[in-house]
Asks: 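What follows is a structure written as structure tokens; I'll ask about it next.
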Amino acid sequence: MQVTRETFDEVMVPNYNPAAIVPVKGLGSRVWDQNGDEYIDFAGGIAVNSLGHCHPELVAILKEQGETLWHLSNVFTNEPAIRLAKKLTMATFAERVYFANSGAEANEAALKLARRYAIDHFSADKNQIIAFNQGFHGRTFFTVTVGGQAAYSDGFGPKPGAVEHVDFNDLSALEAMMSDKTCAVMMEPLQGEGGIISPTQEFVEGVRALCDKYNALLIFDEVQSGMGRTGHLYAYMGFGVTPDILTTAKSMGGGFPIGAMLTTAKIAASLKPGTHGSTYGGNPLACAVAEKVLDIINQPEVLSGVLHKEQLFRDGLKAINDKYHVFDEIRGKGMLLGCALNEKYKGRARDFLVASASHKLMCLVAGANVVRFAPSLVIPDEDIKQGLARFEKAVAQVVSA
Ligand SMILES: *Cc1c(COP(=O)(O)O)cnc(C)c1O
């Protein structure tokens with residue numbers, strides 16, 4: 001059956017508006033479309049394809065597990081899930097793991113756990129959740145309500161209650177909002193969708209101290225920042241500030257859908273049998289792939305490689321900006337970088353994305369003012385060089401238009 005981008009509009013719910021091309025094949029950081037045109041991928045499936053497309057070790061483990069055992073449900077456990085959980089606990093602060101299929105589901109579990117823990121250990125009134133403006137935590141109704149852009153949660157009727165927002169990096173606003181009624185504070189240790197905004201060291205430490213003071217759980221949403229993305233296995237490690245609950249997804253599966261919530265044994269105890277669940281969570285196919293992703297990424301040379309590649313990006317982007325003067329700032333960490341447009345180009349991030357696509361480069365935006373790059377953590381240096389050359393042409397095109 002012949003299908004095209006036009007078929008999409010005939011058969012799909014119109015909640016997405018994908019690009020005009022239809023990709024059909026990927027290898028490493030290159031992608032080909034239906035016409036055989038080759039693209040360099042600086043988007044990485046929105047910070048998901050952490051080892052590029054069709055990484056041979058991931059393909060091998062997927063085939064192997066595919067010929068062994070696909071699915072059981074949580075009526076039974078399975079070896080890949082147990083091994084992956086064991087490795088995650090060995091590599092992080094966590095002592096217990098809950099598997100989900102996406103970032104939003106990992107966050108949904110984290111929020112429900114925080115509420116339940118407060119009821120178990122304090123009182124039913126300790127139910128306030130504080131999160132940050134411009135934050136993003138997923139699209140289920142609870143997680144999108146906790147996210148800091150009301151536009152995404154408006155228009156669906158009554159929202160889950162006791163959710164408050166304050167400005168990111170504003171410790172006194174958080175302090176003013178917190179009380180013994182606060183059960184959790186949820187934040188991204190590097191805001192992704194909101195515009196690649198780093199919290200200050202002082203802010204992260206301050207949030208931790210306030211959570212301790214009010215017996216509130218600190219939830220780090222590392223769905224985008226986690227699994228090597230910032231050059232640390234998890235971004236919290238770079239701050240030296242440990243959350244009570246951490247969520248991870250995106251890069252974790254390298255493209256296979258999986259998410260996880262990590263926490264301590266004491267907190268985990270509140271999710272007793274029957275309190276929460278997922279049919280597919282901990283699926284052996286997903287866990288086998290994610291175990292291999294973790295094995296590959298959690299090596300010193302891969303993590304330091306991320307910082308080396310960040311420098312290549314920063315040097316290249318700076319050279320482009322010295323010539324064309326379009327950015328105020330190049331921000332972010334590791335392979336999660338944002339070019340914040342200056343006053344003259346404000347609101348035009350999409351124009352840069354469209355121009356990049358016309359020069360066969362896939363990139364992303366983060367809001368209207370930031371061009372975002374979230375490529376593979378092992379993107380070859382040569383692809384960075386060639387991709388940046390394409391980006392320079394795209395920038396020149398926007399500037400001269
Ligand atoms: C992408 C993202 C999510 C949602 O993940 P899904 O897999 O799309 O549900 C949640 N939090 C952050 C920080 C994200 O970047």
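Order of listing sets the numbers, starting from 1, for every ligand and every atom in it. Numbers here are sequence positions counted from 1.
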Asks: Is R139 positioned over the aromatic face of Y152, cation under 6.0 angstrom from the ring centre and no more than 45 degrees off axis?
Replies: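 The answer is yes; both the distance and angle limits are met.
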Asks: Can you list the residues that meet the side chain to side chain contact (heavy atoms under 4.5 Å, CB included) rule with L307, with sequence neighbours excluded?
Replies: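 Residues passing side chain to side chain contact (heavy atoms under 4.5 Å, CB included) with L307: E310, K333.
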Asks: Any side-chain donor-acceptor pair under 3.5 Å between H276 and E108?
Replies: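 No.
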Asks: Does ligand 1 have any N/O atom under 3.5 Å from a protein N/O, and what are those pairs and their distances?
Replies:
residue, atom, partner, partner atom, Å
ligand 1, 7 (O), G103, N, 2.8
ligand 1, 9 (O), G103, N, 3.4
ligand 1, 9 (O), A104, N, 2.8
ligand 1, 11 (N), F136, O, 3.2
ligand 1, 11 (N), D221, OD1, 3.3
ligand 1, 11 (N), D221, OD2, 2.7
ligand 1, 15 (O), Q224, NE2, 2.7
ligand 1, 15 (O), K250, NZ, 2.6

Asks: Can you give the donor-acceptor pairs under 3.5 Å from side chains of residues 254-265 to other protein atoms, not counting sequence neighbours?
Replies:
residue, atom, partner, partner atom, Å
T263, OG1, D244, O, 2.8
T264, OG1, I267, N, 3.2

Asks: Under the rule for side chain to side chain contact (heavy atoms under 4.5 Å, CB included), what residues qualify as partners of S376, not counting sequence neighbours?
Replies: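 With sequence neighbours excluded, S376 shows a side chain to side chain contact (heavy atoms under 4.5 Å, CB included) to S29, V378, I379, given in chain and number order.
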Asks: Counting only heavy atoms from other residues, nucleotides and ligands, does the tally under 6.0 Å from CD of Q386 exceed 12?
Replies: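 Count over threshold, so yes.
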